[in-house]
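Following: one structure in structure tokens, then a few remarks.
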Amino acid sequence: MTTIIVPGRVNLIGDHTDYVGGLAMPCAIDLGITAEVEPSDGIDLTTDATAEHGSFTLPLGELPDDSPTWIRLVHTTARLAPNMHGATGRFTTTLPIGAGLSSSAACTIALALALGAPDDKRELVLLAQAIEQQATGVPCGVLDQLAIVFGEAGHALIVDAAAVEARPTHICDGVGIVVVPSGSHRALSETPYAERRAQAEQAVREMGGLAGAALTDALSIPEPVLRRRARHVITENARVLAMATAFTSNDARAAGQLLLESHASLKNDAEVSTKGLDQLVDALSSRPGVFGARLTGAGFGGSVVVLTEGDAAHDIAQTFGGRVVSPSAGARVL
Ligand code: GLA
């Protein structure tokens with residue numbers, strides 16, 4: 001029996017940037033999927049996350065159109081994973097589904113590792129992205145997969161989506177990270193995520209590409225929606241770099257301020273927030289011990305990430321029904 005551990009991720013800053021080749025700063029977290037599998041002729045997998053049972057014979061037949069997401073992920077992974085083999089076993093999870101903590105990317109990576117993933121981490125990231133795009137129809141970027149595969153205990157990562165790279169970066173000493181669910185769970189395929197991506201891509205084309213583009217380029221786009229999308233990408237990228245500087249100099253106040261600015265940009269320029277997320281960020285940011293908060297991940301529901309004083313983290317989590325998370329190691333096969 002092989003045990004595969006795959007964490008979820010929380011994105012500290014840098015959302016709706018990855019699909020145009022921008023920057024982000026996520027970390028893998030201590031909530032995730034544990035897969036206990038052994039090689040077999042067919043695929044016979046169960047999960048405690050849904051009632052569904054992913055059972056297939058090899059070679060695979062057609063997948064009915066109305067198949068649930070877990071089954072689609074199993075089937076698509078089995079089709080796309082190189083050196084594919086069968087597996088029997090069980091997936092258990094501590095990751096809430098649809099809460100903005102990358103449960104589907106974690107599931108895909110665990111499946112790929114169970115069914116024949118490439119050894120190279122970067123190839124695994126790209127494979128997992130392709131599987132998720134095909135299985136769910138959501139044109140996701142590489143942020144989640146990079147965070148999950150390259151996670152390092154005690155560190156955040158600076159993700160460069162254009163280069164498909166992630167490198168560890170220091171997190172401020174003495175802070176806590178809390179994730180608070182907004183209570184609004186969603187499948188990304190049911191949100192305007194794809195539309196936001198298409199608009200941001202168009203906005204970046206109007207600036208002549210992201211590399212070297214400046215705020216003045218964004219502001220000179222005549223069409224107001226595209227101008228806002230461009231301004232979000234340019235300012236959010238700058239905030240990721242500013243966050244890395246704030247963390248390196250242990251300036252938690254500056255880091256918290258950046259989280260609030262990021263939320264405002266996701267609300268007003270990217271337009272991916274909800275009333276519930278805005279109210280949560282307002283309520284959290286007025287609490288003693290909180291440096292800042294913002295929606296994390298795709299938005300449209302999901303969760304808020306909060307940067308707190310280390311001592312305040314558990315109280316804040318308890319008051320708001322969230323949980324304290326620790327930056328953790330990436331996906332691994334034990
Ligand atoms: C989802 C996608 C990522 C990224 C975020 C928003 O998590 O899977 O690729 O686009 O939304 O930053």
Side-chain angles (χ1 to χ4, degrees), residues 11-26 100 129 138-144 146-147 156-167 169 188 191-248 251 254-275 277-278 281-282 285 292-300 302 304-305 307:
N11 194 19
L12 300 177
I13 198 160
D15 272 309
H16 289 270
T17 51
D18 66 340
Y19 46 60
V20 286
L23 304 174
M25 190 195 286
Q129 180 197 25
V138 176
C140 62
V142 283
L143 160 63
D144 308 341
L146 280 168
L157 301 167
I158 296 192
V159 156
D160 178 342
V164 196
E165 270 173 20
R167 61 183 165 81
T169 190
L188 274 193
T191 70
Y193 178 90
E195 183 199 60
R196 293 298 188 281
R197 176 179 176 146
Q199 291 166 335
E201 285 172 332
Q202 178 63 27
V204 165
R205 272 195 295 276
E206 302 227 352
M207 292 191 291
L210 189 55
L215 190 54
T216 46
D217 301 308
L219 298 180
S220 62
I221 296 178
E223 205 284 311
V225 170
L226 296 184
R227 186 164 65 236
R228 288 201 293 278
R229 304 294 185 261
R231 181 167 60 184
H232 171 70
V233 172
I234 297 283
T235 59
E236 187 78 347
N237 251 1
R239 280 185 289 271
V240 172
L241 297 175
M243 184 89 169
T245 306
F247 272 176
T248 307
D251 188 347
Q257 189 55 38
L258 288 162
L259 295 191
L260 294 173
E261 288 169 18
S262 170
H263 186 80
S265 183
L266 287 160
K267 174 185 172 190
N268 299 320
D269 282 351
E271 296 180 278
V272 297
S273 191
T274 61
K275 227 186 197 92
L277 288 165
D278 297 342
V281 167
D282 284 348
S285 52
R294 63 184 280 279
L295 73 84
T296 181
F300 310 111
V304 163
V305 61
L307 190 70

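As the structure is a computational prediction, the values presented were derived from the model and not from experiment.
- A donor-acceptor contact shorter than 3.5 Å is absent between the side chain of S265 and the backbone of E261.
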Is there a side chain to side chain donor-acceptor pair (under 3.5 Å) between N237 and T17? Walk through the geometry before answering. CA-CA 7 Å; N237 251 1; T17 51; 4.8 Å; no
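- Evaluation of the salt bridge (charged side-chain N to carboxylate O under 4.0 Å, His left out) test over residues 216-229, restricted to residues two or more places apart or in two chains, returns R228-E271, R229-E271.
- Between the side chain of S262 and the backbone N or O of L258, no donor-acceptor pair lies under 3.5 Å.
- Rounding to the nearest 0.5 Å gives a distance of 8.5 Å between CG of L241 and CE of M25.
- Residues passing the side chain to side chain donor-acceptor pair (under 3.5 Å) test with N11 are D15, sequence neighbours excluded.
- Counting heavy atoms from C-beta on, the side chains of D18 and V159 never come closer than 4.5 Å.
- For the atom pair L23 CG and I13 CD1, the distance stands at 11.0 Å (nearest 0.5 Å).
- Across F300 and L277, no two heavy atoms sit closer than the pair N-CD1, 4.2 Å.
- Heavy-atom minimum distance, R196 versus A270: NE-O, 3.0 Å.
- Under the side chain to side chain donor-acceptor pair (under 3.5 Å) criterion, D269 pairs with R231, not counting sequence neighbours.
- To the nearest 0.5 Å, atoms NZ (K267) and CG (L295) are separated by 11.0 Å.
- Using a 4.5 Å heavy-atom threshold, the side chains of V281 and L260 count as touching.
- Applying the salt bridge (charged side-chain N to carboxylate O under 4.0 Å, His left out) test to every pair with at least one member in residues 237-247, sequence neighbours left out, gives these pairs: E236-R239.
- With sequence neighbours left out, the salt bridge (charged side-chain N to carboxylate O under 4.0 Å, His left out) criterion links E201 to R197.
- Legend: residues meeting side chain to side chain contact (heavy atoms under 4.5 Å, CB included) with A163, ordered by chain and number and at least two apart, are D160, E165.
- For the pair P26 and L143, the tightest heavy-atom approach, listed with the atom from each and the gap, is CG-CD1, 3.7 Å.
- The two residues L259 and R294 make their nearest non-hydrogen contact at O-CB, 3.3 Å.
- Proximity of C140 to L188: side-chain heavy atoms (C-beta onward) are nowhere separated by under 4.5 Å.
- For R205, the side chain to side chain donor-acceptor pair (under 3.5 Å) criterion is met by Q202, not counting sequence neighbours.
- For A254, the side chain to side chain contact (heavy atoms under 4.5 Å, CB included) test picks out A246, D251, with sequence neighbours left out.
- A pairwise comparison of heavy atoms in A230 and I221 identifies CB-CD1, 3.6 Å as the closest pair.
- You'll find the side chain of L210 reaches within 4.5 Å of the side chain of I234, heavy atoms only.
- Looking at residues two or more places apart in sequence or on another chain, you find a ring-ring contact (aromatic ring centres under 6.0 Å, His included) between Y19 and H16, Y193.
- The CG atom of L226 lies 6.5 Å from the CD atom of Q199; values are rounded to the nearest 0.5 Å.
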